[in-house]
Amino acid sequence: MKKILFVLAFLAFSNSFSQDSIMVPSEKRWDMFKYDFVNMFKGVGYSYARPFHWQGKQWAQFGGVVAGTAAVYLIDDDTSRFIRLQKEGVPEVIRSYGTFYGSPENNYLVTSGVYLTGLIAKNKKLRRTGVLLIASATSAGFLQQVLKSAVGRARPVAMLGKDTFDPFNSSRNFHSFPSGHALLAFTNAYAIGKQFKSPWAKAGIYTVGAIPGLSRIWDGQHWLSDFVFAIAISVATVESIDKYLDRKYNEKYNNQDKRTSWNLNFGPGTLGVTVNF
């Protein structure tokens, strides 16, 4: 899987700097597939290039994410322990879903299924959704693989504490930050949620998308800060690729009146995330 993600990312970088204009595909499925395939890879490259074009607002948001993750990191021992203690009270079906859906193989089965359904049915909205899902999962997935290795944070199950880091250690016990299950599952949830105007529908989809990440904390595989940073990567990646796809598809999801905004809140004895619909 790591090798596949590396190849995909390399191709994405190559495509992102090639000619940007693409002819609108004909109604033939093969032409649609070629058009979508190129946009998947160009979308990945676009998301990686965005930090080079950030302005003050984007850097401030990034700083907020870093500060928020650091704040959660400081209380990782207590919060992660509390979440693990809730494991026995969670129905087995929910825990199993979290472990199953967050794995890369199963995640790509779902995203590919969405795209192929749209392609076979010649449904433009479903096709674009599939392109967004696959491109976002590829971009975010490769990034988290790089970060996991470079950061080398010990997992809770390693029993070495939240402050133990051993960069580029090949052992999976040092691949805690960020959470891959949280990242892939919430990337899908956030991408799908963009198609709904109802805040209740969005909230339900986001909740379902957060379960795989929480399940990994229940199992002692990740700290809460691993989960928080993964969610931030998911949101940023989907937003970036979706903006790129706006230039390529008539179906647009992020031009709705009701936008979703994520804000970190800090105060005396207070730390949280507010989602505004």
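The chain is numbered in sequence order, starting from 1. Every heavy atom of this structure was used, including side-chain atoms; hydrogens, water molecules and symmetry mates were not.
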Undergrad: Do any N or O atoms from the side chain of N39 and from the backbone of Y35 form a donor-acceptor pair under 3.5 angstrom?
TA: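 Side chain of N39 to backbone of Y35, a donor-acceptor pair under 3.5 Å: yes, one is there.
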Undergrad: Quick one: does any side-chain atom of R153 pair with a main-chain N or O of F174 as donor and acceptor, under 3.5 Å?
TA: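 Looks like no, no N/O pair under 3.5 Å.
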Undergrad: Is the shortest heavy-atom distance from the side chain of D219 to the side chain of K87 under 4.5 Å?
TA: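 Contact flag for D219/K87 side chains = yes.
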Undergrad: Can you confirm if the NZ or CZ of R50 lies within 45° of the ring axis of F52 and under 6.0 Å from the centre of its six-membered ring?
TA: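 The answer is no; the distance or angle limit is not met.
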Undergrad: Within 45 degrees of the ring normal and closer than 6.0 Å to the centroid, is that where the cationic atom of K162 sits relative to Y73?
TA: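 Geometry flag: set, cation within 6.0 Å and 45°.
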Undergrad: Any sub-3.5 Å donor-acceptor pair from D166's side-chain atoms to G152's backbone N or O?
TA: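 No: the side chain of D166 does not pair with the backbone of G152.
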Undergrad: Answer yes or no: is there a donor N or O on one side and an acceptor on the other, between the side chain of H222 and the main chain of S176, under 3.5 Å?
TA: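 Confirmed, H222 side chain pairs with S176 backbone.
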Undergrad: Are any side-chain N or O atoms of Y48 and backbone N or O atoms of S139, one a donor and one an acceptor, separated by less than 3.5 Å?
TA: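 Yes, the answer is positive, given that a donor and an acceptor are paired below the 3.5 Å cut-off.
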Undergrad: Would the distance check show the side chain of N188 and the main-chain N or O of A185 forming a donor-acceptor pair, the cut-off being under 3.5 Å?
TA: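 No; zero donor-acceptor contacts below 3.5 Å.
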Undergrad: Ignoring hydrogens and angles, tell me if any N or O in the side chain of N123 forms a donor-acceptor pair with the backbone of L126 under 3.5 Å.
TA: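 Indeed, once roles are kept as given, a pair shorter than 3.5 Å links the two residues.
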Undergrad: Just how far is it from atom CD of E105 to atom CG of L184, taken to the nearest 0.5 Å?
TA: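 Atom-to-atom, E105:CD and L184:CG are 10.0 Å apart.
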Undergrad: Verify whether one side chain among Y97 and S215 offers a donor that lies under 3.5 Å from an acceptor in the other.
TA: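 Short answer, no.
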